[in-house]
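Report on the following structure.
In what follows, chains are A, B, ... by sequence order, proteins preceding strands, each numbered from 1.
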Number of protein chains: 2
Amino acid sequence: MDDDQRIEADPHERCRALGAILDRIGDKWTVMAVGALSEGPMRFNALQRLIGAVSHRMLTLTLRGLERDGLVTRTIYPTIPPKVEYALTNLGQRLIPPLKTLSDWAVENQAELEMAQRAYDASAARSAPAS
Amino acid sequence: MDDDQRIEADPHERCRALGAILDRIGDKWTVMAVGALSEGPMRFNALQRLIGAVSHRMLTLTLRGLERDGLVTRTIYPTIPPKVEYALTNLGQRLIPPLKTLSDWAVENQAELEMAQRAYDASAARSAPAS
DNA sequence: CTGGATCCCCACTGATACTG
DNA sequence: CAGTATCAGTGGGGATCCAG
């Protein structure tokens, strides 16, 4: 690691930043949680119902991660029974537009993507027909 | 029932599309590969050197996935030794701007993110002081 | 130089049960 | 209702070797 040359405009810088953020939000449940919370603050169970297939544990861990990243706040109302409300922070809300940009791409291009996949699988089937 | 402003009927629709695309590009190496290839066509070894920490196997799998999704083309020059060049397809190039939007967010907010993490870890340390 | 196959480890995930 | 802890299963990912 004796890099004497510092490359400021290194494209890797950008890639690493992108990789870092994808490491955090790239999992299956984080984006779902953010998407659900983008509609407004929500309680734990409401979140779980809205997302659907997420397990109790995974939602807890996901929300913990989001809270740690400062994207979500957890507000505890010390009532009986306990009531905990999750909400996007300012930082979390700023994440929505970039996410929407990406989802726009996904919606617009998913047909082409699936078509490419079918074509690839079809030609791959020639090499591995036995199954 | 006639929503003029309705772009997407179901918010889940968008989340699912986003989740699907993140399942494909959300891993650690895919974005790095796309980023590297955004600078131009490249051979396997050049790609591996540029990305750095990626293992032989993972780069192969990553590129296979990208090729299957129609984001990358693989051109084989039947020379000795073999030479294989990877390049972004049109579809792959269209993915760059949304990715850049996200990386812009990452670059602009990563300081705030890390700060939130430190704050969280610091308060969490109260419960788990052992180290 | 590039691609594939095999082995192996461990981190992530889910189910369950218990506490507040 | 919300959160934590424990246990066990699965599969992702690295290292290595072999083939074209």
Start at the 5' end of DNA chain C and walk down; is the nucleotide closest to Tyr86(B) or to Ala53(A) reached first? Tyr86(B)
Among the nucleotides dG3(D), dG20(C), dG14(C), which one has an atom lying closest to any side-chain atom of Pro82(A)? dG20(C)
To the side chain of Phe44(A), which of dT13(C), dA2(D), dC1(C) is closest? dA2(D)
Please pick, from dG14(D), dG3(C), dA2(D), the nucleotide with the shortest atom-to-atom distance to any side-chain atom of Arg43(A). dA2(D)
Any link between Val84(B) and Ile51(B) through a network of hydrophobic side chains (Ile, Leu, Val, Met, Phe, Trp, Tyr) touching at under 4.5 Å? yes
Closest listed nucleotide, where the reference is the side chain of Thr60(A) and the choices are dC1(C), dG3(D), dG4(C): dG3(D)
Checking dA15(C), dT6(C), dG3(C) against the side chain of Ser55(A) (C-beta onward), the nearest is dA15(C)
I need the CD1-C1' distance between Ile76(B) and dG3(C), as an integer number of Å. 10 Å
Of all the nucleotides listed (dG4(C), dC1(C), dG13(D)), which has the minimum atom distance to the side chain of Arg57(B)? dG13(D)
Between dT2(C) atom P and Met42(B) atom CE, what is the distance in whole Å? 12 Å
Taking atom C1' of dG4(C) as reference, at what distance in whole Å does atom CZ of Arg64(B) sit? 9 Å
How long is the line joining CG of Leu47(A) and P of dG3(D), in whole Å? 10 Å
Tell me whether the OP1 or OP2 atom of dG3(D) has a side-chain N or O from Arg74(A) closer than 4.0 Å. yes
